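So the structure is just underneath, and the comments pick up after that.
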2 protein chains.
Amino acid sequence: MARHAQKRINDPEGMRRKVLDVAEETFQARGYHASSLGDLMAAAGVSGGALHHHFPTKKALALAVIEERVAAAVDETWIVPVKAAASAREGVRAVFEAVTAELEQQGFVRGCPLNNLAHELSLADPDFRAALAGIFTAWRKAIAGKIEADQQAGRERDTDPQRFAALVIATYSGAMSMAKTAQDAGPLRDCLAALEWGASQAASSQGEPGARRRRRVLRRYGTL
Amino acid sequence: MARHAQKRINDPEGMRRKVLDVAEETFQARGYHASSLGDLMAAAGVSGGALHHHFPTKKALALAVIEERVAAAVDETWIVPVKAAASAREGVRAVFEAVTAELEQQGFVRGCPLNNLAHELSLADPDFRAALAGIFTAWRKAIAGKIEADQQAGRERDTDPQRFAALVIATYSGAMSMAKTAQDAGPLRDCLAALEWGASQAASSQGEPGARRRRRVLRRYGTL
DNA sequence: TATAAAACAGACCGGTTGTCCTGTTTTGTC
DNA sequence: GACAAAACAGGACAACCGGTCTGTTTTATA
């Protein structure tokens, strides 16, 4: 009975991707609860039927964002660079500096997507919490593992890997939280300086592999 | 025309306080957007008219919670104890330990109320952001000031006060974020240990003034 | 090309949200 | 005790929310 006026371009995976793109950005900018499905539909140019087809519920959509996007962002901006660095400390320092620089260039701070969602959703739902906790664990494991590798290579002495990793992640997360509230990257710089790891300004990494993709992620996030 | 069945007990300031109590706890447990005014009214046993009388909008209520409660909580749990401590480092260590102990005793982590609200509301509204940023600034100023006092008294060498304060707050905030997501106080302990400030276990502070009130606040929060 | 399944479109609905409004009761002041 | 102002009670309401439902179009398979 009803006539469908709009032309149809079945683009499997393409439409799903578009929804995820919009959801990722909207959740990052406004949070989960403040983002309505209507907003997402409008921003993505997607009908309610399409959205519901790919993501039966809002929760399912958020879960997909967490597992497919947030996890990937942490991987690209933190895990990969740290693993590829000369040492754990140097890798951490480089990421800190890269993020800070990107922040200052953009002029605003949206915060770390992982922490943003973690604060809002960890207590709201066990599934959310589990997914988010898994990302934190992987993050921490990567840094701790790098320290252990450094130790076996004689580059690090008796630093406790787990504690070191916790300190790095906590400091970064908290500094980003302060920066978001102040809308100023200062806390990031201050914290990196306060960690006082010798190292002056090493190579201003820009040529090594993966840097391009990482910068793209950073920019999309208004900073991780 | 309409008959009012319920007895009226005009309790100026008392009803306002009750609403703030409930709002403070509910915002802490479920966040701002996930807490409806209906929930608050029911939990506080307050009519819509009463709520609207004291707080014209939901935003006004949240602003009051931030300015009157969250700020006070940071003051009681952090600023006062640190200022009263023998040194900045010792004060920070004591607060870290007190909070961690309370967390472990309670068995669950609701996170830091300041950071919880900061993440959800900093980008949502300039007024929210300003109020939250002010608390962060006061917090940081208190710690930095203590370091400066230590330096003038010869207890601290060339530590940068602002950077030190930023590191402490960031580490604490981030560790609490990790702890909330993991529902485990471990990250707090790990971070305190990783900060490796000599100090073994000093006096397990319980007798000094203000401790009672501080513990009450901590308990109410399911930890700051 | 027949056909089942997947990929969409778009209307629809019950419930909830924040806010407003009207009216009643209490309180303070002279 | 008169009276204005503050402190409430409680309903009303329009907007919106997330989810469902029916139906149409495309794609895959054979």
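Note that this is a predicted model, so its numbers are computed, not measured.
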Would you tabulate the pairs of protein nitrogen or oxygen atoms and nucleotide nitrogen or oxygen atoms of nucleotides 11-14 of chain D closer than 3.5 angstrom?
none

Please produce a list of atom pairs where a protein N or O lies less than 3.5 Å from an N or O of nucleotides 13-17 of chain C.
unit_1, atom_1, unit_2, atom_2, d
C:dT17, OP1, B:Ser36, OG, 3.4

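Side chain of A:Met15, nearest nucleotide from C:dA9, C:dC21, D:dA9: C:dA9. Nearest to the side-chain atoms of A:His53 among the listed nucleotides C:dT19, D:dA6, C:dA7 stands C:dA7. Counting only heavy atoms from C-beta on, A:Thr57 has its side chain closest to D:dG19 among D:dG19, D:dA9, C:dC8.
The shortest side-chain heavy-atom distance between A:Thr181 and B:Leu114 does not fall under the 4.5 Å cut-off. For the pair B:Leu192 and B:Thr100, the minimum side-chain heavy-atom distance is 4.5 Å or more.
Using cut-offs of 30° and 60° on the angle between ring planes, the pair B:Trp139 and B:Trp78 is tilted.
Atom-to-atom, CG of A:Leu51 to C1' of C:dC8 comes out at 12 Å; the value is rounded to the nearest Å.
Residues forming a side chain to side chain contact (heavy atoms under 4.5 Å, CB included) with A:Ala44 (at least two apart in sequence, or on another chain): A:Val22, A:Val46. A:Glu148 pairs by the side chain to side chain donor-acceptor pair (under 3.5 Å) definition with nothing, not counting sequence neighbours. A search for salt bridge (charged side-chain N to carboxylate O under 4.0 Å, His left out) contacts involving A:Arg129 returns nothing, not counting sequence neighbours. Considering only residues two or more places apart in sequence or on other chains, A:Ala182 meets the side chain to side chain contact (heavy atoms under 4.5 Å, CB included) condition with A:Asp184.
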